[in-house]
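These numbers come from a predicted model, not from an experiment.
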Amino acid sequence: MNSRFLPPLEAWFAARGWQVFPFQREVWQAAQEGQSGLLHASTGAGKTYAVWFAALLRAAALAAPAAPAARKPPRGLRLLWLTPMRALAADTLRALQESSAMLAPDWRIESRTGDTSSAARARQARQLPEVLITTPESLSLMLSQNAARSQFERLDMVVVDEWHELMGNKRGVQVQLALARLRRWQPQLVVWGLSATLGNLERARDVLLGGAHGVLVEGALRKQILVDTLIPEHPARFPWAGHLGLQMLEAVAREIAGHGATLVFCNTRSQAELWYQNLLAARPDWAGLIALHHGSLDKEVRDWVELGLKQGRLRAVVCTSSLDLGVDFLPVERVLQIGSAKGIARLLQRAGRSGHAPGRSSRLTLVPTHSLELLEAAGAIQAVKERDIEARRAPDKPLDVLVQHLVTVALGGGFRSEELLEEVRGAWSYRALGDEEWQWALDFVARGGQSLIAYPEYRRVLPDEEGVYRVPDQAIGRRHRMSIGTIVSDASIQVKFLRGSRIGSVEESFISRLKQGDHFLFGGRILEFVRVHEMTAYVRRASGSRGAVPRWQGGKMPLSSELAHAALEQLRRAATGEYASAEMRAIRPLLEIQQRWSALPTPGQTLAESLRSREGRHVFIYPFAGRSVHIGLAALLAYRLGQRKPASFSIAVNDYGFELLSADADSDWAEYFDLPHGAEVALFSSEHLLEDVLASLNAAELSQRRFREIARIAGLVFGGYPGQPKSQRQLQASSSLFFEVFRKHDAGNLLLTQAQREVLEQELELGRLRVTLDELRQRAVSWHETARPTPFGFALMVERFREKLSTEKLSDRIARMLRELEKAAGP
DNA sequence: GACCTGCTGCGGTCTG
């Protein structure tokens with residue numbers, strides 16, 4: 001490409017009254033020189049950038065040496081634009097088409113996800129448009145076509161929008177593998193990513209580019225972001241625990257009434273249902289002006305809500321992360337976050353949903369649901385000011401995604417082992433893939449591994465006489481294309497009115513607890529359950545205002561380290577009497593009770609509390625490391641204490657700390673924490689950490705759950721044909737069958753190893769657990785025997801999570817039960 | 001005196 005076309009490009013923009021920013025010029029310059037990179041786009045919509053990039057390519061195409069006069073300019077795909085969401089693809093397509101008359105009148109600009117008619121697909125199969133907007137899944141599908149290579153032969157540039165959303169998960173790995181393939185076909189390929197603010201932008205660039213050289217361009221437009229807190233009117237009477245936060249209902253309703261369109265973010269779907277219902281009850285005149293939006297509602301319902309937001313018809317929408325991304329809702333003026341945002345990145349993302357136009361600022365208001373969240377709010381506001389934002393880690397060589405990719409490539413023209421290995425290692429996540437691991441994956445798709453040799457449906461890929469691996473059977477190819485992707489969703493039950501219109505879906509377990517005639521709250525309405533037929537629950541509208549609320553078994557996100565540290569820092573200041581912010585002044589009375597009865601946990605000192613109650617002996621410890629670390633830590637300590645003296649513990653955790661409870665109130669195990677500094681160090685040792693963690697938790701059961709997802713991605717378990725979903729139970733049965741077969745007959749199966757690794761790394765956050773142990777060993781323990789639960793301890797006592805761990809000998813247990821019986825029976 | 005968590009995203013077949 002030739003840089004002399006940069007000035008005309010700028011003139012082109014200027015003629016349309018579009019401002020050109022210095023960082024934009026930087027991207028153009030770099031891309032024209034054939035460089036790849038990452039643009040840190042802290043503000044602005046991807047679709048605007050799409051126009052910039054298309055303009056750049058167009059200028060370059062015009063600059064290329066003219067084709068012989070008689071010939072038409074060559075057609076074919078030039079720019080591939082990847083977005084993580086279909087809604088974004090549609091939005092970007094619209095923006096590009098609006099400028100296409102001026103930009104490139106003879107270019108076709110299409111989206112692969114927009115028009116999925118067979119005519120459109122056939123046209124694209126013959127000849128791709130010059131600009132194609134699509135998703136990671138669709139790109140993989142294209143790579144699975146036999147003629148894939150020729151479709152991409154003219155490709156100049158790939159841009160990955162919202163890369164921060166993809167890089168940390170398996171969808172991002174899928175993108176990495178696809179890019180490695182495109183780069184191999186087209187070594188000059190220019191790849192750019194657009195990313196929101198992350199704690200590790202350089203790494204984000206490296207992951208995208210497979211470690212190859214690239215630039216990082218800083219988008220200079222820094223949006224003003226205002227974060228504040230809705231302080232409870234009577235902080236002293238605000239609950240010490242709880243997550244629903246309906247005490248704030250009136251205050252929230254007043255906020256909504258006093259401002260323009262508002263998004264009300266909730267952390268869970270059932271919470272959103274309850275808030276929507278309660279807001280309507282508090283302001284009946286808002287019927288039709290407020291709406292509900294979450295991932296289990298039917299697409300048609302959600303589309304209606306999104307349109308209403310866009311057109312400015314709605315005053316407020318109560319939602320979950322379903323509205324984190326997606327098209328821009330210009331009218332949104334305010335964002336409310338009910339309960340903990342759990343992380344700074346998420347908070348900024350949500351804040352950015354408001355004031356979505358140049359020059360306008362974003363405003364987010366935190367709504368605490370219990371007292372300690374005031375502390376989190378104070379920390380969050382500070383962290384936002386300092387832009388202390390979480391990093392994202394790319395998964396490390398997930399073999400399920402690799403196995404899927406092998407079949408995709410075998411379908412898309414076939415591969416030779418050594419060549420594909422080299423290509424795969426060009427993807428960041430597989431840069432350290434070992435030869436044995438490669439051989440294992442190859443063997444797995446060729447024979448199904450050791451234990452499945454007898455089953456032809458697992459011989460998915462076979463080498464021909466020339467050593468080219470291909471898929472030998474059409475049916476296998478069809479099945480594979482139907483299950484491409486890394487998103488595994490649980491089978492759920494459709495909810496429909498008797499007349500047939502769809503409302504959404506709930507989990508099977510919830511419906512199975514309902515009897516005919518029972519009422520439940522879903523989609524913002526009270527429904528009466530009628531019957532279940534073929535994975536569909538039929539309902540009718542019900543009168544009344546009460547009903548059970550469906551619970552969905554979703555992910556459990558822990559408080560991020562950044563936010564936890566920010567909260568702990570606020571405690572450090574409070575310990576020295578510094579209460580500078582409104583949040584901290586509101587929580588002051590509570591923290592003073594905490595200090596009076598015990599002490600404040602601070603970054604330099606671990607607080608341990610002990611309490612005797614009717615339930616037994618409690619120890620509370622507050623490392624502020626997030627709930628998943630606390631689960632591992634609590635189980636580990638219980639295990640290590642149990643090694644010294646047989647005991648049985650109940651465990652409770654939250655994001656701030658954990659509780660160990662032993663029913664034996666007279667036992668002296670708790671005093672281990674009260675010994676002179678050094679005695680507890682052995683408990684906090686990170687020696688034999690892995691063994692102890694595995695021994696202390698039911699790791700097999702956790703792995704089995706993980707394995708369900710892995711089996712789906714690796715293509716072991718087929719989700720069923722559209723319109724006839726297998727029930728949850730069927731899916732579980734087949735994946736657990738594989739799990740058992742592998743464990744018994746194929747212990748070296750690397751998918752099993754991967755399941756265990758994912759549990760340790762993602763569910764228990766072993767790395768963070770190790771860091772926490774190191775911190776705990778270095779800090780002094782401040783030990784307090786208290787007469788009653790402190791504010792921090794109370795929150796733990798009401799946590800419902802109770803995990804039994806018993807290293808106690810059966811006889812001791814029976815003796816204890818007898819003692820209790822005698823006590824209960826009286827003299 | 002206080003309480004009752006758990007997100008999001010995509011894709012596809014067959015017939016005549």
Study note, to complete from the structure: Judged by nearest nucleotide, the residue sitting upstream toward the 5' end of DNA chain B, A/Gly242 or A/Ser296, is A/Gly242

Check your understanding: How many angstroms lie between atom CZ of A/Arg706 and atom OG of A/Ser735, to the nearest 0.5 angstrom?
Key -> 13.0 Å

Check your understanding: Contact class for A/Lys342 (heavy atom, under 4.0 Å): base, sugar-phosphate, or nothing?
Key -> base

Review point. With sugar-phosphate meaning primed atoms plus P, OP1 and OP2, does A/Gln247 contact a base, only sugar-phosphate, or nothing at under 4.0 Å between heavy atoms?
Key: sugar-phosphate

Exercise for review: Could you tell me the separation between the CD atom of A/Glu562 and the CD1 atom of A/Ile344, rounded to the nearest 0.5 Å?
Suggested key: 7.5 Å

Point to revise | Under 4.0 angstrom between A/Arg269 side-chain N/O and B/dC7 OP1 or OP2 | key: yes

Revision key, fill the gap. Ranking B/dC7, B/dC3, B/dG9 by distance to the side chain of A/Met85, first place goes to B/dG9

Practice item. Classify the nucleic acid contact of A/Ala236 as base, sugar-phosphate or nothing, counting any heavy atom under 4.0 Å across all strands shown. Key: base

**Study point:** A/Arg302 vs B/dG9: side-chain N/O to OP1/OP2 distance below 4.0 Å
**Key:** yes

Check your understanding: Does B/dT5 have OP1 or OP2 sitting under 4.0 Å from an N or O in the side chain of A/Arg627?
Key -> no

Review point. Across the strands shown, which category fits A/Thr135 at heavy-atom distances under 4.0 angstrom: base, sugar-phosphate, nothing?
Key: sugar-phosphate

Exercise for review: Take atom CG of A/Leu141 and atom P of B/dG12, then tell me their distance rounded to the nearest Å.
Suggested key: 5 Å

Check your understanding: Tell me: CD of A/Gln349 to P of B/dC7, nearest whole Å?
Key -> 18 Å

Check your understanding: Side-chain donor or acceptor of A/Thr320 under 3.5 Å from a matching atom on the base of B/dC7?
Key -> no

Check your understanding: Do A/Arg86 and B/dG11 have a side chain to base donor-acceptor pair shorter than 3.5 Å?
Key -> no

Revision key, fill the gap. Here the distance between atom C1' of B/dG11 and atom CZ of A/Arg478, to the nearest Å, is 16 Å

**Study point:** Atom-pair distance (CZ on A/Arg551; C1' on B/dT5), nearest Å
**Key:** 7 Å

Check your understanding: Do the side chain of A/Glu507 and the main chain of A/Gln553 share a donor and acceptor less than 3.5 angstrom apart?
Key -> yes

Check your understanding: Looking across every strand, which nucleic acid part, if any, lies under 4.0 Å from A/Ser371 by heavy atom: base, sugar-phosphate, or nothing?
Key -> nothing

Check your understanding: If you look at every strand shown and take non-hydrogen atoms under 4.0 Å, does A/His294 touch a base, only sugar-phosphate, or nothing?
Key -> sugar-phosphate

Review point. If you pin A/Pro84 and A/Gly555 to their nearest nucleotides in DNA chain B, which one's is more 5'?
Key: A/Gly555

Check your understanding: Can you tell which of B/dG11, B/dC4, B/dC7 lies closest to the side chain of A/Thr113?
Key -> B/dG11

Practice item. Return the nearest nucleotide to the side chain of A/Glu137; candidates are B/dG12, B/dG11, B/dC3. Key: B/dG11

Check your understanding: With a 4.0 Å cut-off on heavy atoms, is A/Ser138 in touch with a base, just the backbone sugar-phosphate, or nothing at all?
Key -> sugar-phosphate

Practice item. Give a yes or no on whether a donor-acceptor pair under 3.5 Å exists between the nucleobase atoms of B/dC10, that is its base, and the side chain of A/Ser489. Key: yes

Practice item. Using a cut-off of 6.0 Å, state whether more than 12 heavy atoms not belonging to A/Arg502 lie near its atom CZ. Key: no

Review point. For A/Glu165, which contact category applies under a 4.0 Å heavy-atom criterion: base, sugar-phosphate, or nothing?
Key: nothing

Practice item. Let me know the distance between NE2 of A/His243 and P of B/dA2, rounded to the nearest Å. Key: 17 Å

Exercise for review: Report the distance from atom CZ of A/Phe510 to atom C1' of B/dT5, rounded to the nearest whole Å.
Suggested key: 15 Å

Practice item. Output the single nucleotide from B/dG9, B/dG6, B/dC3 whose closest atom is nearest the side chain of A/Pro239. Key: B/dC3

Practice item. Whole angstrom is fine here: how far is it from CZ in A/Arg237 over to C1' in B/dA2? Key: 13 Å

Practice item. Would you check if A/Trp240 stacks with the base of B/dG1, given a 5.5 Å centroid limit and a 30° plane limit, both strict? Key: no

Exercise for review: Assign A/Ser483 to base, sugar-phosphate, or nothing according to its heavy-atom contacts below 4.0 angstrom with the strands shown.
Suggested key: nothing

Review point. To the nearest angstrom, how far is A/Lys299 atom NZ from B/dC10 atom P?
Key: 8 Å

Practice item. Please state whether the rings of A/His294 and A/Phe522 are parallel, tilted or perpendicular, taking 30° and 60° as the class boundaries. Key: tilted

Practice item. Measure the acute angle between the ring planes of A/Phe658 and A/His630, then classify it against the limits of 30° and 60° as parallel, tilted or perpendicular. Key: tilted

Check your understanding: Is the centre of the A/Tyr656 ring less than 6.0 Å from the centre of the A/Phe624 ring?
Key -> yes

